[in-house]
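All chains are named by letter (A, B, ...) in the order of the sequence lines, taking the proteins before the strands, and each is independently numbered beginning at 1.
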Amino acid sequence: MKRIAIADCNNFFASCERVFNPKLIKKPVVVLSSNDGCIIARSNEAKALGIKMGEPFFKCADLIKKHNVFVFSSNFSLYGDMSARVMQTISELATDIEIYSIDEAFFYMQSPVIDFKTNQEKLDWYTNHAKYIKKQVYQKTGLPMSIGIGPTKTLAKIANKIAKKFPEFENVFDITNLSGVASAKTDHPKLDDILKNIEVGDVWGIGYRYAEFLKRYNIKTAYDFKQCDEAWVRKNLTINGLKTLLELKGTSCIKLEDNLDEKKSITVSRLFGKNITELNDLKEAVSYHITRAAEKLRRQNMSTSVITIFIAFANYYDPHKQYLSSTVTLPIASSYTPTLIQYAIQCLEKIYKKGVTYKKAGIILSDFCSASSIQLNPFEKIPNIEKQSQAMATVDKINSKMGKNKLFFAISGTKHIWQPKLEKKSPCYTTNWHDILTVKI
DNA sequence: TCTGGGGTCCTAGGACCC
DNA sequence: TCTGGGGTCCTAGGACCC
């Protein structure tokens, strides 16, 4: 039978930095999120120092200084490029690859080998083949990876955790091959032992909220969850929770997907460099975000018919509401920046409250259709789509040649007092502070 | 005009993932 | 306890239609 494997690169961003800088080998390395925010990747050495994932940078600055940790600002063009090479290598050795994130891919494995003595597939084939893939990726990219194998995506994810945790497995673990006893059966006692040692919140699909909820019912481990009543899970954790439960029991419910590269929505949002209160400043920010999103949309050759805008309060004056949002459905799908800005501003005006401070604005485009098949609405004034797309193509061309936002819409303004802090405060930890690689995305 | 039942669409919010 | 940004999916409730 087919196995599902999940491969992911160990400490991906930190490992990418290392590939091009041998000085970093065996040294603690961290990578920061945009806006200097927080730690988003750590090498094993940095983990060993107790630096936590997602920790705000300023909180661990002392620790970083003390242990000469190498700090990098994130460089997404580099990571994207490395990712493409990793995925290319895997796809040459597997069928039906699903690129799940920048550093993870699911793929199927099917043993071509039959053991003639027992008339069964050779169980070790999966582990050996995964080790081969891992080796190839390392040879071609210099990036270390781990691979977990299971009968379902959820169990493969658990196998992947084990592959990472116990060095004796050399970063490859097949949960369908426990002590050489057969295959994809999931009532193997050893599997239950594994699940008893996995916290329920560490199961793929069970997040912080559900984990807290389940703990109130004394469901603490993956094994406890596996014993739950299906109807109860369906009722309290929605259909997705039920799928997770069934997957733990060995029934595959979450299939591999192919064209994940066609986005169904596009979000652009940023915290402001400083809090703002004025409607005009919000308009500038929203227009700017819409402009960026529309560029992405056109690159996908899509038009959108739903725009959502949201603004987040700087202060929690209402614990139940941290932001305001408004959604509009366009009568005719569009990718024409001025049209999208016009609708977005209408939304903004609807929700804006005077006398409140805001820390963030964002926009979401959704419900796409192909730019060439826009449904016209007989009751609307028909836009000259041909002309509009020519105009946008020209703007896009100029901006891609001359630099982002060289040509922009007046409403986006020029003051940009809302813009995020750009000064990448390089804490000069002298000897170990490296030039930040900042590449325009 | 509020009397039954059924369906769809939209919106807001909540959960999850990396 | 959300620290940043970008995604997907599900559900409840209201509006509206026949």
Students often get this wrong, so: under 4.0 angstrom with heavy atoms, is [X] touching a base, only sugar-phosphate, or nothing?
X        : result
A:Lys157 : sugar-phosphate
A:Gly54  : base
A:Leu237 : nothing
A:Val306 : nothing
A:Thr308 : nothing
A:Ile39  : nothing
A:Lys264 : sugar-phosphate

In this structure, how many angstroms lie between the [atom2] atom of [N] and the [atom1] atom of [X], rounded?
X        : N      : atom1 : atom2 : answer
A:Lys263 : B:dC17 : NZ    : C1'   : 13 Å
A:Tyr208 : C:dC2  : OH    : C1'   : 9 Å
A:Asp367 : B:dT8  : CG    : C1'   : 15 Å
A:Ile254 : B:dC18 : CD1   : P     : 12 Å
A:Lys360 : C:dC2  : NZ    : C1'   : 11 Å
A:Asp8   : B:dC17 : CG    : C1'   : 13 Å
A:Leu271 : C:dG4  : CG    : C1'   : 7 Å
A:Ile6   : B:dC17 : CD1   : P     : 13 Å

Measure up the [X] and [Y] rings against each other and bin them: parallel (under 30°), tilted (30 to 60°), perpendicular (over 60°).
X        : Y        : value
A:Trp232 : A:Tyr217 : perpendicular
A:Trp204 : A:Tyr100 : perpendicular
A:Phe173 : A:Phe169 : tilted

Measure from the side-chain heavy atoms of [X] and tell me the nearest of [options].
X        : options               : value
A:Thr267 : C:dG6, B:dA12, B:dC16 : C:dG6
A:Tyr100 : C:dG6, B:dC17, B:dC16 : B:dC17
A:Ser269 : C:dG5, B:dA12, C:dG7  : C:dG5
A:Glu104 : C:dG7, B:dC18, C:dT3  : B:dC18
A:Ile40  : C:dG7, C:dG4, C:dT11  : C:dG4
A:Lys243 : C:dG4, C:dC10, B:dC18 : C:dC10
A:Pro56  : C:dT3, C:dG7, C:dG6   : C:dT3
A:Trp204 : C:dG7, B:dC18, B:dG13 : B:dC18
A:Thr329 : B:dT11, C:dG7, C:dC10 : B:dT11

Interatomic distance at C1', B:dG14 relative to C:dC2, whole Å: 15 Å
Stem regions touching DNA chain C, defined by at least 3 consecutive Watson-Crick or wobble G-U pairs below 3.5 angstrom: B:5-18 with C:5-18
Centroid separation A:Tyr210 to A:Phe213 less than 6.0 Å: no
Short side-chain N/O contact to C:dT11 OP1/OP2 from A:Arg234, under 4.0 Å: yes
Phosphate OP1/OP2 of B:dA15: any A:Thr238 side-chain N/O under 4.0 Å: no
Six-ring centre of A:Tyr288, A:Arg292 cation under 6.0 angstrom, axis tolerance 45°: yes
Heavy-atom pair of closest approach, residues A:Glu104 and A:Met87: O-CE, 3.6 Å
Where A:Phe310 and A:Ile363 come nearest, the two heavy atoms and their spacing: CE2-N, 4.1 Å
Salt-bridge contact A:Glu55-A:Arg42 (side-chain N to carboxylate O under 4.0 Å): no
Beyond-backbone contact of A:Val268 with A:Thr291, side-chain heavy atoms, under 4.5 angstrom: no
